[in-house]
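The structure under discussion appears below in the form of structure tokens.
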Number of protein chains: 2
Amino acid sequence: MVARSPQAGPDEAALDALFHALADATRRDILRRTLHAEATVSELAAAYDMSFAAVQKHVVVLETAGLITKTAAGRTRRVRACPDQLARARGLLSQLEALWRDRFDRLEELLSTPAEASEPCPSPSPPIPNSSP
Amino acid sequence: MVARSPQAGPDEAALDALFHALADATRRDILRRTLHAEATVSELAAAYDMSFAAVQKHVVVLETAGLITKTAAGRTRRVRACPDQLARARGLLSQLEALWRDRFDRLEELLSTPAEASEPCPSPSPPIPNSSP
DNA sequence: CTAACGTACAACCAAATGGTTGCACGATCA
DNA sequence: TGATCGTGCAACCATTTGGTTGTACGTTAG
């Protein structure tokens, strides 16, 4: 039971790292590239307007989060994305959405009315293209 | 920042805010609670070992990310979660996973071999229960 | 052998984060 | 009316983040 401390789960820190890694446009782009095809660190670095070291640090963050792996290849490092942690994050989000659906169901059960108005929740960003559910 | 290629969408900043909001155990817990049932800010604050102001700031972060909304109710504020942005995040992750599947397919197409070994990608955290895909 | 390349890493800096305390203000209760 | 409660916000502080430059070290090319 989550009485006081939210520090319950042992992998909460891993989730922190996961979502933190995803919370940066450059890192999401690196992830996209390496998801699509392997790349070396300098190939990645050449794609962005920042120093090599900056990109290398982004790669480290992604690696720490378990979203990519590097394998030595001569003097280069081949960067490869791992969809496992991605699936983990998606799983958590689905879990949360299910939690919401449960509340909805409970309401429907208690009051047999068509459920609490369902106001569209003012979105702070464009209406969502929402590609693949 | 991010000048060369990562200029995919105009809402990259919104995604930054979204994932950043999710990258904190306390905020994920607040989200869980409000997803499950509405709560006031002080009800939430009472659940954690930190000051009211700290929790209030977490609530602001979640609100900015569009993950929750507050509605005035007398002198209290009823905090309600919105699953829309959650779905948005999940959609992006699915998109990324699809990208990876595409690479896989391309490989299978080019070389008709059973595809690149598929090394398990050393996970930095427990193997994933992976609840609802 | 020597030079250039790809990578890693340290030191440094500005800005953001996450926490604190304190105060102001409207709503509620006695 | 006056005290109290719930909330928002500002000021402050320590730590982290995201960027820089510079350096070191193994690998490859000439």
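By convention in this document, chain letters (A, B, ...) are assigned in the order of the sequence lines, proteins followed by strands, and residues within each chain are numbered from 1. Heavy atoms only: backbone and side chains are in, while hydrogens, waters and symmetry mates are out.
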task = Please answer whether the main-chain N or O of A:Glu12 pairs with a side-chain N or O of B:Arg28 as donor and acceptor at a distance below 3.5 Å.
result = yes
request  = May I ask you to evaluate whether B:Arg77 reaches the phosphate of D:dG8, defined as a side-chain N or O under 4.0 Å from OP1 or OP2?
outcome  = yes
note = Value for CG (A:Leu93) from CD (B:Gln85), rounded to nearest 0.5 Å, stands at 12.0 Å
Donor-acceptor side-chain pairing of A:Arg27 and A:His58 below 3.5 angstrom = yes
request  = Round to the nearest Å and state the distance from A:Glu38 atom CD to C:dG6 atom P.
outcome  = 17 Å
message = Test your reading of the model: is there a side-chain donor-acceptor pair from B:Ser42 to the backbone of B:Ala45, 3.5 Å cut-off?
response = no
query = Is the phosphate of C:dT7, meaning OP1 or OP2, less than 4.0 Å from a side-chain N or O of A:Lys70?
reply = no
ask   = Is there a side-chain polar atom (N or O) of A:Thr76 under 4.0 Å from OP1 or OP2 of C:dC5?
value = no
ask   = Just how far, in rounded Å, is P of C:dT7 from CZ of A:Arg78?
value = 12 Å
note = Expected string for nucleotides 11-25 of chain C under the B/S/- scheme (protein heavy atoms, under 4.0 Å, primed atoms plus P, OP1, OP2 as sugar-phosphate) is ------SBBBB----
query = Under the criterion salt bridge (charged side-chain N to carboxylate O under 4.0 Å, His left out), which of A:Arg88, A:Arg90, A:Arg32 is the partner of B:Glu97?
reply = A:Arg90
ask   = What's the CZ-P distance between B:Arg75 and D:dG6, to the nearest Å?
value = 6 Å
key: C:dT7 OP1/OP2 closer than 4.0 Å to side-chain N/O of A:Gln56   = no
query = What is the distance, rounded to the nearest whole Å, between atom CD1 of A:Ile30 and atom P of D:dG18?
reply = 12 Å
request  = Look at A:Asp29 together with A:Arg33 and state whether they make a salt bridge at an N to O cut-off of under 4.0 Å.
outcome  = yes
